[in-house]
Amino acid sequence: MKEEVWRWWEETPHPDGIKWKTMEHNGPYFPPAYERLPKNVKFYYEGEVMELSELAEEVATFYAKMLEHDYTKKDIFNKNFFEDWRKEMTDEERKKIKKLEKCNFQEMCDFFKEQSEARKNKTKEEKLALKEENAKIAEEYGLCTMDGHKQKVGNFRIEPPGLFRGRGDHPKQGKLKKRVKAKNVIINIGKDAPVPSPPEGEKWKAIQHDASVTWLACWTENITGSNKYVMLNAAARIKGEKDWQKYETARKLKECVHKIRDEYKNDWKAKEMRIRQRAVAMYFIDKLALRAGHEKDEGESADTVGCCSLRVEHITLHAQKEGDDYVVEFDFLGKDSIRYTNSVPVEKRVYKNLELFKKDKQPGDDLFDRLTTSSLNKFLGEQMPGLTAKVFRTYNASNTLQQQLDSLTEPDANVTAKLLQYNRANRAVAILCNHQRAPPKTFDKQMTNLVNKLKDKKKAIKTVKKEIKELKKEYHNNGKSEKVKNTIEKKKKQAERLEEQYFKLEVSMTDKEENKEIALGTSKLNYLDPRISIAWCKKHEVPIEKIYNKTQREKFQWAIDMTDETFVF
DNA sequence: GTGCAGACTTAGAAGCTGGACG
DNA sequence: CGTCCAGCTTCTAAGTCTGCAC
């Protein structure tokens, strides 16, 4: 079955503020109701078997499922879980269960492990049946018709209840994320579309027909009180259009960035403190691709910062460091509590300004006390329509990729070598944007495997070469037989193949090593204008499939369709 | 300006799967 | 034929930014 491709990029976009004309969908898909544990799976309190009410048991299973996770070693997680769990208990349970340390969830934990084991060990037929069942759900709930075209829904499943897994030192980690019911969910749908029916005996919170927003369903999550939305997949027109526009804005910045840079450099010596702070902040956002950095309310989330919310303790000034003058050393936790460390030599004026901003302040004080993201963005918007702090990240990321590709690509190299060059260009961007990942748990093992494979390959090459040598001898000594000659040719081909495989292994080892703690995905998906990569592929005869997998090609369909090798960011 | 709700993008980790390999 | 693991998909948290009320 061939999927329809909607070439929306050749159509006139909707006017501002209108996201769609018609929209039909079947609502969100709810997780299954809680199923009680088998009677033989027991919970113990102070070593004694204890039966739990349905709700208390359900919440206990959330914890049991995480028993072997590091989360359950953290005090805040345990404290939050226990507090919320007790709220779900019956009075009797609450009277008895007073201490988490006296609870034993081991049988529950083992039960779930067995269950997941059993799932893996299902027969082919059983697995196929499950797959078909899933496909049916995706067919029904995973599709939406927008403006007459079938579009994939991104997250059509309502988030199941569980324990909140906040990142870093999140003060709310371990709290109970409650089950979402139809009465919590608002449905957004076209006026003329049939309204999806809520689960048996339930009612939606509300039905609305608001074409100024893109979401299909919405509910309020109980941990932070913010909204969660069901929206379309990245391949949908409504997302693609926006994505395209994002890169066009970034390209516009390219046109005027020199002027903006001149101006903020000039502002480093402004009379007004707030303008100086803005100018230094802009320098960081531009040069280091820092995020804007909103003020966040303390105690509600992990203590992380971006540019505007940097505090005194996050930078250290060094008049000299490792041979450089005027070095700013950054060390702070950014989005997702990912640590940012960087030592950057800066202009003397920037350095002197930072000294000034830090003067008479204590750790905990804002470095840019006269600056907010909204005042900064307001100013940026006046420099160029649509300009905000994050446009600099997009611009600098895409621009870096373009430059790196231009300088790293060797036109005569083979595809394997070129892919390494591409990945290195991509890596430069990921480093700029500080996209890190935990090294894969099996990293060392993987490396050893590769080294072994490499050794084996080398041996194989040696053997084949030896064989060729001997066959040649035979050929000359024993009357130049046609048969031997053919064998030699065959062996030569084999040697060639092996050499290529060896080269590929070598490259993949280099690539893996260099990529140990770097995540390329985020920049590839969110920061790099796909047209740069597509033009590069076309120019250097690298198949696009080597750069973008199927999902990514669907997301970037617009770019694949409109880009030829002459595109320059 | 400031604070807040709402909408939407960006983010790394977890979970899953299918194909390589012995 | 089973095992392993790499790449993909899914998940959902955590940002940014806009617009509105005061």
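Chain letters run A, B, ... following the sequence lines, proteins first and then strands; every chain starts at 1.
Contacts of residues 223-238 of chain A with DNA chain C (heavy atom under 4.0 Å): A:K228.
With the nearest nucleotide of DNA chain C identified for both A:N377 and A:D336, A:D336 has the one nearer the 5' end.
The pair A:E140-A:K136 does not meet the salt-bridge criterion, since no charged nitrogen lies less than 4.0 angstrom from a carboxylate oxygen.
Reading DNA chain B from its 5' end, the first and the last nucleotide to sit under 4.0 Å from a heavy atom of chain A are B:dG6 to B:dG18.
A:F330 has its ring centre less than 6.0 Å from the ring centre of A:F284.
Rounded to an integer number of Å, the gap from A:E221 CD to C:dG15 C1' is 14 Å. Taking atom NZ of A:K246 as the reference point, atom P of C:dT16 lies 15 Å away to the nearest angstrom. Regarding A:K296, its NZ atom lies at a distance of 7 Å from the P atom of C:dA14, rounded to whole Å.
Residue A:T304 has a polar side-chain atom (N or O) positioned under 4.0 Å from OP1 or OP2 of C:dG15. Using a 4.0 Å cut-off, no side-chain N or O of A:N155 falls inside it from OP1 or OP2 of C:dC11.
Looking only at distances, a side-chain donor or acceptor of A:N184 sits under 3.5 Å from a matching main-chain atom of A:K181. Side-chain atoms of A:N233 come within 3.5 Å of backbone N or O of A:A235 as a donor-acceptor pair.
Checked against C:dA14, C:dG15, C:dT9, the side chain of A:T551 finds its nearest nucleotide in C:dT9.
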